[in-house]
Number of protein chains: 2
Amino acid sequence: MNNKITIKDIAQIANVSIATVSNVMNGTGRVSSTTSAKVNKVIQEMNFAPSASARNLKDKKSHLIAVVVPLLEKGMIQDNPFYWELVRGVEKGARNHQVQIMLLGIDETENFSFVKTRHLDGLIVVGVFERSSSYEQILNLGVPCVFLDSYLSDPELHQVCLDDEAGGYLGTKHLLGLGHQNIAILTGKLQEGGVNYFRYQGYLRALRENGITKNDKLVFEESSSIQGGYQAAQKVSSYADGISAIFAFSDVSAMGLIRGLYDMGWAVPRDISVVGFDDIFYTQYMIPSLTTISQDVAHKGKVAVTMLLDQIDGITCNDKYITVPVSLVVRQSTISNTKG
Amino acid sequence: MNNKITIKDIAQIANVSIATVSNVMNGTGRVSSTTSAKVNKVIQEMNFAPSASARNLKDKKSHLIAVVVPLLEKGMIQDNPFYWELVRGVEKGARNHQVQIMLLGIDETENFSFVKTRHLDGLIVVGVFERSSSYEQILNLGVPCVFLDSYLSDPELHQVCLDDEAGGYLGTKHLLGLGHQNIAILTGKLQEGGVNYFRYQGYLRALRENGITKNDKLVFEESSSIQGGYQAAQKVSSYADGISAIFAFSDVSAMGLIRGLYDMGWAVPRDISVVGFDDIFYTQYMIPSLTTISQDVAHKGKVAVTMLLDQIDGITCNDKYITVPVSLVVRQSTISNTKG
DNA sequence: CTGAAAGCGCTTACAG
DNA sequence: CTGAAAGCGCTTACAG
């Protein structure tokens, strides 16, 4: 094939120097409009696409950013479709700004050499913890970053976070309002400083406001997956006739939980009310449809790209820490407490 | 930061030439083990990561492949989580082989210049049609490609397809076996040569085998999304008391359909049996769980990478066309026809 | 307004 | 076994 067309060929055909061709392409320097038109015509005709490698070698800019997503144990990227919505948002945002994205799954063994190797312009990092090896590594890179759902204490870091505490509060409040007293939570790893931790804080605040003392037995800590939710159902149902409502910190685990309860003869919301978190695309189509805490994930992705690109372009934004709002969406999975 | 370390620095510190450093890194040429050890030590200590740009400029290889996914009208990548499972499979496969992936959404205006610009080693293209502009463009690129779910007639093309015809057949056969006669289908665009087309052919074959003449009124062509399925419910229920079963050509549309029917007072499977397609992660957790045609999407992604990399490395495989098998998974959404 | 030339950081024959 | 040098395809001062 003819992917070997270079700036030299264009220069030769257009009868100008390569410097001129370069200037035309980049709108730099002073070029007469006739020359410019002539060169552009040749570029068109030859279907010339300048080599990014050569450019990067000079510029040290790649116009490539990476979306870095944690790996599941099995070496696969997270399966929660939540990540897909996020990535889709990032892709769209990036496309609008002429940069392209790489997708990378990482675990604690990752050394991030690809960032230097590829001269990546920046990173969008999803869900790292403060004291993880990945976190350290990323900071040492000294490359523009935006962290998503990561809650890092360093105020200099650019972050986009959800108002998780409010989400935890809203969901709990909703259940309390329906007369539920023994409200269980189904959460993924409850690591301090993590997403679930803040949701849990919101839960506790709502309880306090209502003068309810917390009961650690009502905290079910399971893998935050659909299977995890399913497994939790056994524990939940075997534990307690007292539990009239449960707040799951992700929609996928809520779905697994509901199905698990169903298999044990419990109907939602008749026997127990369930609240989810995320407002994943299918929640309103579930039977019963799921009451959940809604967030605009795709928007989050777009915000992250915008922040990152500003940062790359050296535009300082006054708000390094952006909190995306949450809202409660009431559907069929929650009803008034009938157990008295 | 010190991302400015180059091969020169390493050479200087290790007291050798840059050629030697290069040879050590690439295992090329003849290097004494002492020199090699010395150089490697310095590389380690300096945390040196060679520039991909410089390398690519010489090699014309980027160790980058792109996953190309069709765009929805709204400029976003497809929202079906099916794509996420696929991309995850590709990512894992790529990671195991030291190449990295770019994710790109494309529409008919895409000119694919990024392929030449970035010297991409290859492309994994999902769901293009034979006579689309994208298809033409991609062929002209002359770059290694693997097409997924695309059904292209050129036997020289590398493709990974599902046995869609068999899937359509199996699902229909299952319903026939349960005594259903008026079996409707809910399909996305029924374009000749497309995925849905083949599933439809399988459906027809099963009907023929049972001596049932096809009825075009039983074909509901809707957007292949969860919303599309939901909307179809009205048409399905208003049409026909005769319909006792419906075969949806995607799980997401099946979910929307079931919910839509539910909202009109129809229960699945009591009033109507439903079969889906894909075996998306949540199907077994739905209430009722969904009978569906199963395919191993992540595996499909991995097969595609392997094929692509072989092709890039010039390894000719005898099988350019790989068909991934399907199987029927019977769950709760289908029961015997009770309408007589 | 235009062009000759250096240089980005590598790899690869080619000498030695 | 090791190194000097050319060259990959661009961009960017610098002359003219």
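Below, read A as the first sequence line, B as the second, and so on, with proteins coming before strands; counting in each chain starts at 1.
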Please tell me if [X] has a side-chain N or O lying less than 4.0 Å from either OP1 or OP2 of [N].
| X | N | value |
| --- | --- | --- |
| A:T35 | C:dT2 | yes |
| B:S51 | C:dG9 | no |
| B:R55 | C:dT11 | yes |
| A:T6 | D:dG9 | no |
| B:T20 | D:dG3 | yes |
| A:R30 | C:dC1 | yes |

Between [atom2] of [N] and [atom1] of [X], the distance in whole Å:
| X | N | atom1 | atom2 | result |
| --- | --- | --- | --- | --- |
| A:I18 | C:dA5 | CD1 | P | 11 Å |
| A:N26 | D:dC10 | CG | P | 11 Å |
| B:N56 | C:dG9 | CG | C1' | 11 Å |
| A:L57 | C:dA6 | CG | P | 17 Å |

Practice problem: Please map the stems of DNA chain C, keeping only stretches of three or more Watson-Crick or G-U wobble pairs with both distances under 3.5 angstrom. | Solution: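 Ordered by first number, the stems with DNA chain C (at least 3 consecutive pairs each) read C:1-3 with D:14-16, C:5-12 with D:5-12, C:14-16 with D:1-3.
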Self-check item: First of A:D59 and B:A19 reached from the 5' end of DNA chain D, by closest nucleotide
Solution: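 This one resolves to B:A19.
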Quiz item: With respect to B:Y135, which candidate in B:V125, B:D154, B:N140 satisfies the side chain to side chain contact (heavy atoms under 4.5 Å, CB included) definition?
Solution: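 It is B:D154, the one option of B:V125, B:D154, B:N140 that forms the side chain to side chain contact (heavy atoms under 4.5 Å, CB included) with B:Y135.
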Quiz item: For DNA chain C, whose closest nucleotide is more 5', that of B:K58 or that of A:S33?
Solution: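 Of the two residues, A:S33 wins.
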Quiz item: Do B:Q311 and B:H158 come close enough that some side-chain heavy atom pair is under 4.5 Å?
Solution: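 Side chain of B:Q311 against side chain of B:H158, heavy atoms only: contact under 4.5 Å found.
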Quiz item: Using a cut-off of 4.0 Å on non-hydrogen atoms, how would the nucleic acid contact of A:S22 be classed: base, sugar-phosphate, or nothing?
Solution: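 Here A:S22 touches the bases of the nucleic acid.
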